[in-house]
There are 2 protein chains.
Amino acid sequence: MGKGGQPRVLLVEDEPAQRTVLAYNLEAEGFAVTQADNGEDAMVLVDEEEPDIIILDWMMPKVSGIEVCRRLKMRPETRGIPIIMLSARAEEVDRIRGLETGADDYVVKPYSVLELMARARAQLRRVRPSTAGVVLEHEDIRLDPESHRVYRGEKVLKLGPTEFKLLVTLMERPGRVFSREQLLDLVWGRDIYVDTRTVDVHVGRLRKSLMQHGGADPVRTVRGAGYALG
Amino acid sequence: MGKGGQPRVLLVEDEPAQRTVLAYNLEAEGFAVTQADNGEDAMVLVDEEEPDIIILDWMMPKVSGIEVCRRLKMRPETRGIPIIMLSARAEEVDRIRGLETGADDYVVKPYSVLELMARARAQLRRVRPSTAGVVLEHEDIRLDPESHRVYRGEKVLKLGPTEFKLLVTLMERPGRVFSREQLLDLVWGRDIYVDTRTVDVHVGRLRKSLMQHGGADPVRTVRGAGYALG
DNA sequence: TTGGACTGTTACGTATCCGTCGCATAGGCT
DNA sequence: AGCCTATGCGACGGATACGTAACAGTCCAA
């Protein structure tokens, strides 16, 4: 891993517009992004940058994404790097072939940037499950994912499962504004249908829980946008 | 044993990513880790480092894990060292068993790091019924793995085999929340099919046993997540 | 064989939590 | 100010997770 935090991602996509958008979003998510617009450069950059994860377009001139993927999965020193393939086609055949070449996940265009992000994080978690000892902190709030405990100052807070997950999500990126849709994705799960107003209610409950022993409201409402911590 | 405490583990795995992840987790768990990425180095390091336990990948270039295992189990001075084999496929486990290489345990990839850790500790307990220091303690509960006895305060507790294993698992990482699935893996074993609700029942029985002479309930239920000690 | 100890499953009661609705209130725009 | 929309929040019915007693099956020792 890129040492103290930022996971490194190598983004390989030949179309400049899409690549730029993706790079922007990935950086906003806290990734350190290296870009390549063709397979040959990608192969070189893998060795130079040692990325933690690779996002790879399927269709590219010269060396195709699938070819890059196959080569990387053949070399022992790069085999462990998770690869997410992007493809314009939804056909199942492609999916199967993509996974056969050793890609670890597969996203079909047009994809939700948020979904791609989530899958990237999922892959990183899979390879590096070591959340051991990590305690999330923000101001006087401490959250230990391992013991599932939340403290504010010295007091232990009691919160329900959804409140807990919500707080984890917010604390993973303090200051960042999450839209209701993003929170639904991240906390509730991708394919659950619930009203976006439900998020408001749970934020309210989380607020109450966080202030159950006094203290200021650490959750910020950004009108028209969503919620953030601090 | 590595004298003053830290058990020494020799980790043999050719893929750098996986080896790094594992080494990190093992060190976080209190092991002193020596790494090797091939069988030849491993054979040398066994003599130099005298590890307490060896974690060995099955598929490796040149000298395979299975070969290393066989050689080590032939030499009297290394035969006693427990070996845990890692293999990529479930079918290989059968082959390993069939070949009677003498490995002491097997874990199939993708494995839960937690499970691997637990199995390593289990092997150490088996080989090293050492007296001092291995007594698990948490608050007023003391557990001696060797004599299979559990005390609460001064009183001796009587618990069944499953309750005992469950308590051992929980006491090895007090505070940590274990999901029902993890507990099934760690206490019952990976290929046993039992309903996850069975865990609830046994936790209940463990609770009753722990409180048979009074005292507070030391087991914490984390709704939607699992159980933890303290 | 009989009895006891232990296990896994089931069923049911209960406490907690969830998602939605309705209305009050706050913020922004003209 | 007046209007409109977004958000806060209490309340409620329903769903869900958990605790536990009861039961049947297994194993083993007397």
Side-chain angles (χ1 to χ4, degrees), chain A residues 148-150 156-170 177-212 215-230, chain B residues 148-150 156-170 177-212 215-230:
Chain A
H148 256 255
R149 276 215 169 96
V150 183
V156 178
L157 300 185
K158 181 180 178 306
L159 23 162
T162 308
E163 292 166 38
F164 183 82
K165 275 190 272 185
L166 186 55
L167 182 58
V168 170
T169 305
L170 293 175
V177 178
F178 293 88
S179 72
R180 298 172 207 319
E181 287 75 15
Q182 288 176 329
L183 289 174
L184 280 179
D185 265 14
L186 297 170
V187 175
W188 276 258
R190 223 170 309 295
D191 27 43
I192 303 294
Y193 166 71
V194 283
D195 197 287
T196 71
R197 288 299 318 272
T198 301
V199 176
D200 298 58
V201 178
H202 277 276
V203 169
R205 287 170 180 162
L206 174 59
R207 277 183 165 132
K208 186 191 281 185
S209 297
L210 288 174
M211 297 189 289
Q212 65 192 237
D217 179 6
V219 181
R220 178 166 51 106
T221 302
V222 183
R223 176 168 256 254
Y227 298 96
L229 211 65
Chain B
H148 247 246
R149 281 229 173 82
V150 183
V156 179
L157 300 184
K158 179 178 181 312
L159 24 161
T162 307
E163 292 167 38
F164 183 81
K165 273 190 278 184
L166 187 55
L167 182 59
V168 169
T169 304
L170 292 175
V177 175
F178 295 87
S179 72
R180 290 168 174 69
E181 287 75 15
Q182 286 176 331
L183 290 173
L184 281 179
D185 261 17
L186 297 172
V187 176
W188 277 259
R190 68 159 49 254
D191 26 49
I192 304 295
Y193 167 72
V194 282
D195 196 284
T196 70
R197 288 301 314 273
T198 301
V199 177
D200 298 48
V201 178
H202 278 275
V203 168
R205 288 169 180 163
L206 174 60
R207 277 184 165 129
K208 187 190 283 187
S209 297
L210 288 173
M211 297 189 288
Q212 65 193 238
D217 180 5
V219 181
R220 176 167 54 110
T221 301
V222 182
R223 178 174 252 254
Y227 299 97
L229 211 65

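Here is how names work: the chains are called A, B, and so on, in the same order as the sequence lines, proteins then strands, and each is numbered from 1. In what follows, every heavy atom counts, from backbone to side chain, and hydrogens, waters and symmetry copies are set aside.
- Taking atom OH of residue B:Tyr193 and atom P of nucleotide C:dT7, one finds them 19 Å apart after rounding to whole Å.
- In this structure, the side chains of B:Thr221 and B:Arg207 come closer than 4.5 Å at one or more pairs of heavy atoms.
- When all heavy atoms are compared, the tightest approach of B:Arg180 to B:Asp200 is NE-OD1, 2.9 Å.
- For A:Lys158, a side-chain nitrogen or oxygen approaches OP1 or OP2 of C:dC17 to under 4.0 Å.
- Close to C:dG8, at under 4.0 Å from its OP1 or OP2, lies a side-chain N or O of B:Trp188.
- Within 6.0 Å of CZ on B:Arg149 lie no more than 12 heavy atoms contributed by other residues, nucleotides or ligands.
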Nucleotide-resolved protein contact map, nucleotides 19-30 of chain D, B/S/- at heavy-atom distance under 4.0 Å
BBSB--------
Scan nucleotides 26-30 of chain C against the protein and return all N/O pairs shorter than 3.5 Å with their distances rounded to 0.1 Å.
none

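- A 4.5 Å side-chain heavy-atom check between A:Leu210 and A:Asp217 finds every atom pair outside the cut-off.
- Between A:Arg205 and A:His202 there is a side-chain heavy-atom pair separated by less than 4.5 Å.
- Comparing the helix axis at one end of the helix from C:dT1-D:dA30 to C:dT30-D:dA1 with that at the other, each defined from 5 consecutive pairs, gives an inter-axis angle of 30° (nearest 10°).
- Under the 4.5 Å side-chain criterion, counting only non-hydrogen atoms from C-beta, A:Tyr227 is in contact with A:Val199.
- When all heavy atoms of A:Pro161 and B:Arg223 are compared, the closest pair comes out as CG-O, 3.5 Å.
- Along DNA chain C, the nucleotide nearest B:Leu159 and the nucleotide nearest A:Thr198 are compared for position; the residue whose nucleotide lies closer to the 5' end is B:Leu159.
- For the atom pair CG of A:Leu183 and CG of A:Leu170, the computed distance is 6.0 Å after rounding to the nearest 0.5 Å.
- With a 4.5 Å cut-off on side-chain heavy atoms, A:Val150 and A:Val156 do not count as touching.
- A 4.5 Å side-chain heavy-atom check between B:Val187 and B:Thr162 finds at least one atom pair inside the cut-off.
- Here C:dC18 presents its P atom at 7 Å from CD of A:Glu163, a figure rounded to the nearest Å.
- Nucleic acid contact for A:Val199: none, since no nucleic acid atom lies under 4.0 Å from a heavy atom of the residue.
- Rounded to an integer number of Å, the gap from CG of A:Leu206 to C1' of D:dG8 is 14 Å.
- A 4.5 Å side-chain heavy-atom check between B:Arg220 and B:Val177 finds at least one atom pair inside the cut-off.
- Rounded to whole angstrom, the span from the CZ atom of B:Phe164 across to the C1' atom of C:dC6 amounts to 16 Å.
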